[in-house]
Structures are given as structure tokens and as C-alpha cells.
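Worksheet: one structure, shown below.
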Amino acid sequence: QDYFGVCSEVMIKDNVVVVYEVLEEMLDNGFPLATESNILKELIKPPTILRTVVNTITGSTNVGDQLPTGQLSVVPWRRTGVKYTNNEAYFDVIEEIDAIIDKSGSTITAEIQGVIDACVKLTGMPDLTLSFMNPRLLDDVSFHPCVRFKRWESERILSFIPPDGNFRLLSYHVSAQNLVAIPVYVKHNISFRDSSSLGRFEITVGPKQTMGKTVEGVMVTSQMPKGVLNMTLTPSQGTHIFDPVTKLLSWDVGKINPQKLPSLKGSVSLQAGTSKPDENPTINLQFKIQQLAISGLKVNRLDMYGEKYKPFKGIKYMTKAGKFQVRT
Amino acid sequence: MTLTSVPASQPAASRLHPAAMAASPAYGEEKGGSSSLGEPEYGHDPASGGIFSSDYKRHDDLKEMLDSNKDSLKLEAMKRIVAMIARGKNASDLFPAVVKNVACKNIEVKKLVYVYLVRYAEEQQDLALLSISTFQRGLKDPNQLIRASALRVLSSIRVPIIVPIMMLAIKEAASDMSPYVRKTAAHAIPKLYSLDSDQKDQLIEVIEKLLADKTTLVAGSVVMAFEEVCPERIDLIHKNYRKLCNLLIDVEEWGQVVIINMLTRYARTQFLSPNQNESLLEESAEKVFYGSEEEDAKDTKAEAASLAKRKPYVMDPDHRLLLRNTKPLLQSRNAAVVMAVAQLYFHLAPKAEVGVIAKALVRLLRSHSEVQYVVLQNVATMSIKRRGMFEPYLKSFYIRSTDPTQIKILKLEVLTNLANETNISTILREFQTYIRSMDKDFVAATIQAIGRCATNIGKVRDTCLNGLVQLLSNRDELVVAESVVVIKKLLQMQPAQHSEIIKHMAKLTDNIQVPMARASILWLIGEYCEHVPKIAPDVLRKMAKSFTNEEDIVKLQVINLAAKLYLTNSKQSKLLTQYVLNLAKYDQNYDIRDRARFIRQLIVPTEKSGALNKYAKKLFLAQKPAPILESSFKDRDHFQLGSLSHLLNAKAVGYQELPDWPDEAPDPSVRNVEVPEWTKCTSREKRKEKVEKPFYSDSEGESGPTESADSEPESVSEESGSSGSSSSSSSDSEEEEEEEEEEEGSREQSEDKEDEEEKRTKRKKEGSRKAALGSMGSPSEEEEEEEEGVKKSKKKKASQGRKDHAETSSEEASASESSSSGSDSGSEVEAKQRKPPSSRAGPKEISLLDLDDFTPPPPQPVLSSSVISTSLVTDLEGLTLTDTSLAPALLSPAFGAVRTYELLHRMAGEGLSVEYCFSRRPFPGDPHMVAVQIQISNNTDAEVKSLRVSEPKPLSGMRIQEFPEIECLAPGDTASVVMGIDFCDSTQAANFQLCTHTRHFYVSIQPPVGELMAPVFMSENEFKKEQGKLMGMSEITEKLTLPEKCRSDHTIVQQVTLAANVGRVPCGADNVYRFVAKTVTSGSLVLITLERREGAAAQLTVNSEKMVIGTMLVKDIIQALAQ
């Protein structure tokens, strides 16, 4: 992925040679050899348009002829000799809420899974420390190998020499189950009538405990029972699609305006002759809230040692819905 | 290009290349021009269909491109060939053309050729051999990357003929400088092994070597190779166990997985089970609970015994180390690592500690569904054994409608395993929602899960049963059928109360079509026909009606039902039964026919069948035990968790059984990493063995032939005599020399004032020692003096043989030795009692006997012989290595030139006497230290305990490596230890305290300048080159006159090497002697040149960066030579 951006069939076909080269470096007789993308990039340079042009002109190759020093050094994840004119380090704290909400709207289970993704473009060998305001929130953590585990154990500080480029620094789990604030609610009224081949369908989505932030990118999907033939619905906002083959209803809501709650109403036409389906569809919800970490996790400060320059630092918070289900 | 005339559909691979050539002879020519013209066209998309549609003819131009001398063309061709391989097309006919390019300079071309070779080499073995020499060249390339890839491809080529070459290459690469190449070597091992398993023994050797490697890069790969080749050789791990544990966290992820799995097996064989106490306690508790009184009395004794035996379980520190070092890896981002650690903890950790893995495993549930699947399988197994572990995470196993069915079922399994009385209500509520799911397989599994919960937890059985009965009215047939089956199982446990349910189910027979469910209902009715006497015959009637249309399994149950009814209620059902049996008699299925016949004979009373008939009722209506619903994961834990076998619940190829805990702990000391032997062994025997052997061989080899047969007994007598003499003379002043007298005086002084302050005596001793040193500097002179003295004193009787030429050298040493050491030791008494083991060693021993009570190495022949031998060695080395050894290689000094110095006099030391000498061996562990061998003899009549060095007060930069504490020294015993001192290339004394359990003695070791260096090897040319660099200030020249007896080559060399630890440089000129050494701490060169002029005149030149050392050395050498 680091090589081609997207991993698609066409992409692999186009770069079959590079794929071969990369795979050859990665595996030896079926045993993994080097899987760190930073090292692979040094061994075999990823194809870019610029490089292709250069290669055709100069006849050079995109195979590195030097063993990357990283492989042998103490920091196998970072290549040496990194240089940037703009030194910047960005951290994204992304939290996902996994939740199951039952029919009546009460939470059955909810947990927060978070990750800190980093994009570090710093010259040389910087040594970073990242500290949190409230590290106790983190219940279960898993680190990128670069993080010094001892310091985390003793001081609850992330201390690391970052790899170059994009990487996942940390993923964590916030367990305190009662503390999870569910930022949205769904009101639903779905019913099928036995006699007629029509059912009623009504969903309203509203914000709840969002700490004043707006809920964006809301998307509602629901797998309808097999007996459903078609749906005639009118949304108050956004667009909806019902696929009669897969029976998948999806409603792209967009932003939730607390004054005017978005709703989707209409009727469901069922296959004639069959009895009403006894199960109700579950509703899967997706949403995004910018500038908010729902668990309340906050990064306190980021310090850099080992290099002289002053880097540009940035931290972004975001909350997303993970596996967010509402049972009906 | 121009090839569209060939139909694209023709299979490219089936055509032979020459045929294609012949088909279009003109084609090649055309190609010649177009290949260069058309080059951009190749470039735009090597994989597009257009090129491949007719590629079999393009092989020509590919060939041509490969033969061209342009790298870009070759590259293009190779890219297209690789693309062909990727598409599954056969490109093997290009083999010769491709192989030629293996030597190509361009790395990318090379890489692609490698890819091609690995793919096709097995098919075309002969041709592949052409490339071997290139690889061999590649193995010597200075670029480690090329070395590694050459080895990788070489080992990937599966050509049996090259096995020896591969073996050689692997061996070589295993000792490569670059860890990357060593890693590749480790990878190559299993490849070679799979190609030729006869190489196993050799490969194990390589593995053993690589296991000792300290680089993290190598560790993972070599353990992998170990697992592939020789997993049974667990003994190879012992020495490396601790290292592996400590390195683990730094090893790359995949290596971690392999190592952890290997260590799990290792720990299972090497440590005791941490849970044995608990299991035993449980057992005994059970026994007490169930067992009868008498048994108890007997058992408790045995148990108590076994408990007592087992109770003091202390975890092996190495076991603990493993657990401690793997724990952080639970935080790894790699799921495989987490899983490996989890299984390690599950299999190895004490019960109380296993819990830590739960959190990590639950975290893994967030990742891809494949990972989820594997993790859940393992969680399912674990949750059976250790339910408590996952209970806090119950909610994480709740099922989402979006989960794949496989995952759902596994989660269900886990939930069921976790169910207990406290959480059952929530779990059941969850199950209720699941039952309404759209996924019918999942619903069926849920119903079974409910059944299991009901059987396991008695409290909720009724609730579950009611719920299941409600399900019977479900519209989905599958759900109903499943519930019927489960209800049947539940009812079997307590049939009496549930006749209502049975009635209800009887009614269902009209609706339910699923055969399994129908069969279950029929069986239930038959079994409990007494509870439902009215309905049962009716059901049978209905079934008899539809008998012919039923499934086999239902038919069998109908027959069963009929038989049971006939027995219980023959009045109503006799005819019906007859009818059913008749129908069954003509059934298509022989099973059913047989059954019918059997039952007829059994139940229908005839004249013949008397005996069985009576028991028919018993047979059919016997109490049947209720089935136990249990998890399918119950018996899975005998497979190692996380293994493929566990996943499949069947033994997979290559699976290694996880061994059981041993009953007795194997010796933990096998994991101790050995320190080179001679520092460790304080026991005499070992040392003697070690030291003596080479000497004997040396001295025998050298002086044996020169010695006449009759001289031997002589020397024996001489030895005994002289040993006696030396011992007797020890009390009073033995020699006339002033130095000795001085020393003697000091001893007397100290004798007088025994409790005098140590420092003073020490100072005095120092003085006396210095004097002794001076005397030693001129042993040759001294020897004569001494000989005279010996003659005069008449105490030494026999020494006719001394003049013997063969022994002069030995005399010298003995003389010097005795002169230097005669003053100090009081252990002669013991020496007297000991007869030296060999006559040859005898005369030499005299000199040293007073040092120690055992027979130490005879120094003299060593000195002489080793001087010769070292110079011989250097000569030889000079012959072979002169052009290669640019950097001077450190020579190990071939002898322990033993000049002993007193550290603590026995008077001052209250009976404890300590001597030291510079063994001239490199100090193990630290090359910058000078090894000082210390001999401690206990002359008191009490044990000396905890003898150790304390409070070293080194001057700035000086470091002291103490010798290990000597716990106890018996009276009359002697111990020898080695300590290391880094003198920082200065002759400052190293001060420290020598402590016993009662006293402290302040002592100091002052090194002669000659001991601050170690000999190195150098050729004459190098020597001159180095000398050229060290002119001017760093050169010290002194003129001297050589005394009479010091003019022979032999003596000069001997005196110089005695004065300083230097190596001789092979030298062309006759009258020039060159020596070279390096200072121990800073490694700066010390070059010594001694030039002999006419007559006695000579000139000594010392070149060294360290001027102080140079000046002192000049002094010392001149003194040595002048006396």
C-alpha cells in the first residue's frame, strides 16, 4: 500500500515487476524476511511518475544497491539520512465507538477503541516523547515497536524514535463501559403487518452528548429481510438508496442539524403471499465528529530530543463510529 | 509490433521455440531493426494483453534483447519475462539466454534474473549449473547485499548436484561479518535440508554456531532453521536460552513468533509445572470429599507425603525470566506475536498469571476477520479451562449482525463457555435477540448453545426449556427442528415433570418435516410413553400411515416406538406394531429390514424365542443416561494453542506435540553460560591438568631426546635432594646475596612485630621485592652466583648433572626462580611431602615447589622452549601471512612466564601468604586488562573464609576486576585465582584490600613495565614501516655493552622476552633483533630493536608513542642484558 497507494488488480498488473521484487525481499522460502515498509522502500524504491521519467532518461534503476543501515541498526524501522525542509509531526487521535444499542435505546455494550496515527516528517534521528493529560484512561495498549515499553510502564509516557512517514503509533482500548457517551440516538419505528403486504418504516437520527460538536458524515445502513420487495421512502435530508437485490438500504444523511432532525419515512412493500418476516433489521450507523476524542483523552505535550531544529507539531482529534449497531 | 498474424488463442507454452524460429526465418532480421526502434513500445505496459497475446514468437526478440549489451534493453526483456511468469506462461525456453545475464552488472537485471532462476532452475538443472560460478563470485562480493542475495538464490535453486557447494556457502556465510548475510545463511539451512536431508549433521553444526550469535537479526532466523531441521535437539538451546530470552524483545516480529513457540516447548521440557500444587490440592480435596473413611486414612498419608514432596515449588528463575520477558510482547502490534505469547502464558504460566493475556486477546478481536477467527478458536479452548479469565470481557463477545457466520458461531461458543449463574440472565437475553436473527445457521447454533447453558446451569433449566418450547411455535422449520432436538436432550434429564411438553411436541409431528426433529419426537414419545399413555398409540397410528414416505432415520424411530408401545401397551398397539413391522420388512433399506426382523423376534412371543423375550422390556425401557452437552472445544487443548493442528482439531503435518511437564526438573545448570574454564576452576586438579599437559608435551618434545637415559634417575635424586635442601634452607638465609638478606631482614622484622601496621611492612616488602626484581633481571649471572652459593653451602649435594648442557636452561630458571621466591613462602614443608609425578618435571619443580603445594608448570623449559617456539611460530606465520596481515594481529603469548612477586608475606598476613605473577595471558572479558594470577596459600592451621578483594582504590582510570570470592581455604591449601587490572599503561601500583573473614590486608600490585604489553605479530617490513612513523620524540636509543655470556642469540632473545611481554619479529639480518608488542590498554605499539655491533657493543632502540614506557623499557632491558 505504501508503494501504490491503492491496492487494486489493475495496480498490481501494472507494476507486476515491482511486486515481484518487493515480495522477493519480503520473503525467503516462505519465511518473512523484511516486512518493515521503511526498509523495503530503501531496498526497492517505490515507483513514482518522476522516478519513471528519471529512470528512462538516466537508465538508473529503482533497486537500491546498498543494504539499508536500518536493518542492522538498533532502530530497524527508520531509515537513515532522512531530510526534509519542513520538519513536521502530525498526530491524529482517532477513536471509534463500538456499540450495540437495543430496541429500547439502552446500551448493551459500548467500548472505545482508539488509535494514534502519526505522520512524522523529521530530519535526522529525532527522539520524541508524547505525554498524555490522562494516561490512565488507556486500558489496553499496543505499540509500534519503536515505542519504549519501559518508559510507558514506569512513567506513562510514549518515548520513541519514529519511523519515517505514516505509521500507527499506538492503538488503545478504553474499557470503562459505563463511561462511554453515545453521541447519537436513533428513533425507529419499523413494522410489518401480517395482512397487507405493506410495512411502515421510520427512522430519526439525533445527536446526544456531543459536547457541542456537530455530528458529520452520518450514514445509516440496514439490511432488510428477504421478503422486502421495495421501499418508498422520503428523507428530510440527504439521499437514500435501496438495492432490491441485496436488500440493503443505505441513507446518506450528512450533517445533523440539532434544530431539524433528519428523518426517513415511508412504506415497505413486501412480497405478496408470504407471511411477514419475524425479524427486524438492525441498523448500522456511521458518523464522524471532528475535534473530539469521546473518551476525553488529551495529549499533553510533544517534545523532541536529539535534533536541533524546531519541528512543526500538530494534533487532531476525531471520533468515529466503529461497529455501531442499533437493534430494532 | 508485427505479430498479429499469429492467432492469439494458440497456447504459447506448447510451441517449441525452434519451431517458431523456423516458421518465420525472415522474422529475425526484421526484429533486429525494430527491437531498438520499438523500444518505447515495450516500455509502456509490460503486462497488457497485447504483448502476451502472441508472446511465443516474441521470445526471439526477448532473446535478442537479452543478448544485447544495453542494460536498459535487458531490463525491459527481463521485466517482460517476469510478467510472463506472473501470468502463468511458460518462459522456460528462454533459460539459456537468461542465465547468461546472471553476471550482469545492473542490479535490477540481476534481481530479475534471480527471480527467473528460482522459478525454472529445477527444470533445467544442467543449464542452471552455468550460473553457479557467478553466485560463488557473488558470495565474495564486498557488498553484503549482493553476498546475501547470491546465497539466497543459490540456496533456492533446487539442484541436487550443488548440495556440497551450498553447504560450503552456508558455512562460510555463517561466519560472515555482516549479520544480514548470517541471517540469510540461517534461512538457507532449511532449504538445503529439504533438498538433501543427509546434510543434517553438518547443518546442525552450523545452526549451533549461529545460535550462539548475539545479533537480534540472526536470532529469529536461526531458531526458525532449528525448528525446521532439528527440533528434537533441545540441548542446543540450553546455552543460548537466557540470551534468547533477553534478546527477544528486540528481535523482529516474525522471529519473535518462532522463538516464542520454540521456547514454549523448551520450557515444557525443562521446567516444572507451576500449577502442580494446585491441581494436587484440588485432587485431594475431591478425594476427601468423595472417598470413604478408610480410604481417606490411607490416602491422606500418601497425599501428605506427596504434597510435602511437591510443596516447595519454586519457579525456576529461568522460567520466570521467560515469562517476564515475553509479557511486554503482549502489547505488540503484530497479532501473531500476541497469539504466540498468549499460548506461551497459557501453557507455561501459573494459573494466577494467565489472566494477563485475556486483555490482549480481546484486543485482537478488533482486527480482520481471519485473525478474529483464529483468536476466537483459541479463546474458546482457553475459556473452557480458565473461565474466569475472560469473564470481565463477556460483552466483547457479543455478536453483531455484521459478523460472518463463522465468527458468530465461535463467539457463541465462547459465550456459552463463559456462562455461569451470575451472568446467565444477561447471556440468555442476548441469546433471545440472536434467535431472531436472519442467519439461520446462527440461530440453530444459538439454540444449541441455550441447550448447553441449560444443562450446565441447573437454575435456568426450566426457563430455557420454556423458551425453547415457545420456539416450537416459530414459523421457521429449521428453528423448530433444532429446538426439538435440544428439548429432547434436556427432557432426558428430568422427564417426569414435563409430560405437558411431550404432549405439545406430539402435536407437532403433524407440522414438522425435518427428519431429525421428527425422529427426536418419536424417540421421546417412545421413551416416555408411560407419561403420555393416551397420545402415544395415536402418534404411532399416524406414523404408521405415513411410514413409507418417511426418511430412514424416522422409520427406525417408528419401529422403536412401536416396539416400546407393544411392550407397555400391547392391547392398543399390537396390531399397529405388527403392521409397522410388516411394512419395514419390505423396506428398501436393509438396515430397516434387519431392525424390523430383530425386533419382531424379540418382542413378539413365539415358542422358540423364550429366553430373550423376558428381557425385552428391560432391554427397551432401560434407564438411559442423559446425554451431556459439551463444547466441541473440550478436547482441543491437547494441541498447542495457536497451532494449525489446534485450528483444525486434527494433527497437521509437522506438528510437534507439546510435551508434558517433567516430573523432575532437569538440571538447570545446563543453561549456565560457561566462562572460559581457567578463570573458573580454582580446584587444583583441573588446573593441573590444564596447565601441565602442554608443558609436558613441550618439554618432552624438546629436551627429551637430548637427555640421556641415565640422566633421568640422576635428576630424580637431584630433585629430591634439592627440594629437601631448599626447604631446609628456607628458614635461614639461603643465599648470600644482599637482596635476599634484605628481604630476610624484612621478614625478621615483621616476625618480631607481627601486629605492626601492615602498611609499613608492605612498604618494606615492596622494597625488598624490587630488589628481588633487580636480581631477577639478570638471572644468568645470578644463576652462576647461585650455583656457587649452592656448592658452598653444601646443602645441595647432587648437581653433577647440572653442567649438562641440556639442562642449563632449566637450571637458570630454577635458580632465578628460587632466588626470587625462596624468600617468601613457607609452604616448603608440604612440598617436601609431595613427590612430583614425573621425573622429567622434577628438576624444574624444585624451583616452584616452594610457591605452592601442587606441582605448577615448570617455568624454565617453557621459557626456553617457548621462546624458540614463538619465534618459530612467528617465522612460520611470517612466511604465510606477510602480505595479508596488514594490521598486526595480537599474538597470544605462548607461555606463562612465571616470575612471582610477593603480595602478602605470610608473617604480615598472619599465616596467609599471597603471591602474584603475570601470566601473560589475555584477561578474558576485557582485553584492556592485564591478567594477574594470584596464588593464595593458607599456612595457618585454621580455615580462611570468604577471601575476596574489596575497596579497590584505583587511581584515575585504573580498573580492577576482582577475582570471585573464595569461600573457604582449608589449612595448608592453596588457591589460585586470576584478576584483571587495567593499569592504564602506567606503572602505578594498583592498591586494594585483601579481605578474609577476620582481617583486611592492604596490598598493592605494581607491574613491571614489560608486563603492560602484549606481543603482536608483525613482519619485518611492517615493523620498519611502523618504526618510520615513530621517529623523533618517540624514539629512545641507548648504547650498551653486552656481557660475556649474553652474546648468543638465544640468551638475548630470552632475556628480552623475560623482561617484557613482547613477540619477536622474524628478521633477516643476523645481528639485529626486533621485538614488538602493544600496550594493553591503549594498544599503542612498542617496537624494540637491538643491534649488535662488533664485540660487546650493542645499540638498543625503543620506539613507542608512550615515551615513559619506552624509557622505562629501555632501562629494564638494558638491566636484563647487562647482568
Side-chain angles (χ1 to χ4, degrees), chain A residues 13-17 19-21 24 28-29 31-36 43 56 59 61-67 71-72 74 76 98 100 102-103 108-109 111 113 139-145 147 149-150 152-153 168 171 173 177 223 225-226 275 277-282 284 322-323 325 327, chain B residues 43 45-48 71-72 75 79 82-83 85-86 106-108 111-112 114-115 143-146 148 152 155-156 178-180 183-184 187-188 190-191 217 221 224 249-250 252-254 328 330-333 338 359-360 362-363 366 395-396 398 400-402 430 433 436-438 474-476:
Chain A
K13 268 188 182 166
D14 282 358
N15 295 290
V16 69
V17 176
V19 172
Y20 253 86
E21 283 171 348
E24 212 216 18
D28 184 8
N29 197 24
F31 292 100
L33 198 61
T35 47
E36 195 67 47
L43 281 169
T56 41
T61 67
N62 48 12
V63 177
D65 56 351
Q66 284 296 313
L67 181 68
Q71 178 111 37
L72 306 170
V74 206
D98 290 357
I100 302 176
D102 81 355
K103 216 183 217 170
I108 291 179
T109 158
E111 16 181 54
Q113 305 276 354
D139 175 43
D140 180 34
V141 281
S142 83
F143 302 116
H144 190 274
V147 178
F149 187 69
K150 287 262 158 58
W152 170 257
E153 285 280 270
R168 174 154 297 177
S171 50
H173 175 104
Q177 294 185 349
Q223 177 71 52
K226 286 198 185 69
S275 53
D278 52 1
E279 68 268 327
N280 273 339
T282 47
N284 294 308
K323 296 169 179 170
Q325 288 195 347
R327 291 176 182 162
Chain B
D45 182 8
S48 75
D71 276 351
S72 54
L75 187 59
K79 279 188 174 172
V82 169
I85 297 174
N106 185 314
I107 285 193
E108 190 163 12
K111 264 194 181 315
L112 294 175
Y114 284 176
V115 171
N143 186 341
Q144 48 181 340
L145 204 60
I146 293 178
R152 238 162 73 190
S155 55
S156 299
S178 151
Y180 185 71
K183 184 187 172 76
T184 318
H187 277 287
K191 289 192 258 183
L217 202 59
S221 308
M224 181 269 300
I249 198 147
D250 295 324
E252 32 90 43
E253 291 162 348
W254 304 111
L330 281 175
Q331 319 276 346
S332 171
R333 62 170 173 173
V338 177
K359 214 186 252 181
V362 170
R363 185 183 69 228
R366 275 278 293 178
K395 286 190 173 174
S396 305
Y398 280 4
R400 291 161 207 286
S401 60
T402 39
E430 266 299 296
T433 23
R436 289 167 56 213
S437 162
M438 280 179 249
N474 194 295
R475 253 175 303 147
D476 193 277

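Chain naming here is simple, since letters A, B, ... match the order of the sequence lines and numbering starts at 1 in each. What you are looking at is a predicted structure, and each value in this text was computed from that prediction instead of being measured.
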Heavy-atom closest contact (A/Ser142 atom, B/Ser332 atom, distance): CB-O, 3.6 Å
Got A/Asp98 and B/Arg400 here, is their nearest side-chain heavy-atom distance under 4.5 Å? yes
Please round to the nearest 0.5 Å and tell me the distance separating atom OH of B/Tyr398 and atom CD1 of A/Ile100. 8.5 Å
For A/Lys323, what residues pass the side chain to side chain donor-acceptor pair (under 3.5 Å) criterion, not counting sequence neighbours? none
A/Phe149: what forms a ring pair (Phe, Tyr, Trp, His ring centres under 6.0 Å) with it, not counting sequence neighbours? none
For A/Lys103, is it the side chain, the backbone, both or neither that has a heavy atom under 4.5 Å from a heavy atom of chain B? side chain
Please look at A/Asp102 and chain B and tell me whether the side chain, the backbone, both or neither of the residue comes under 4.5 angstrom of a heavy atom of that chain. neither
Quick check: do A/Ile108 and B/Glu430 have side-chain heavy atoms less than 4.5 Å from each other? yes
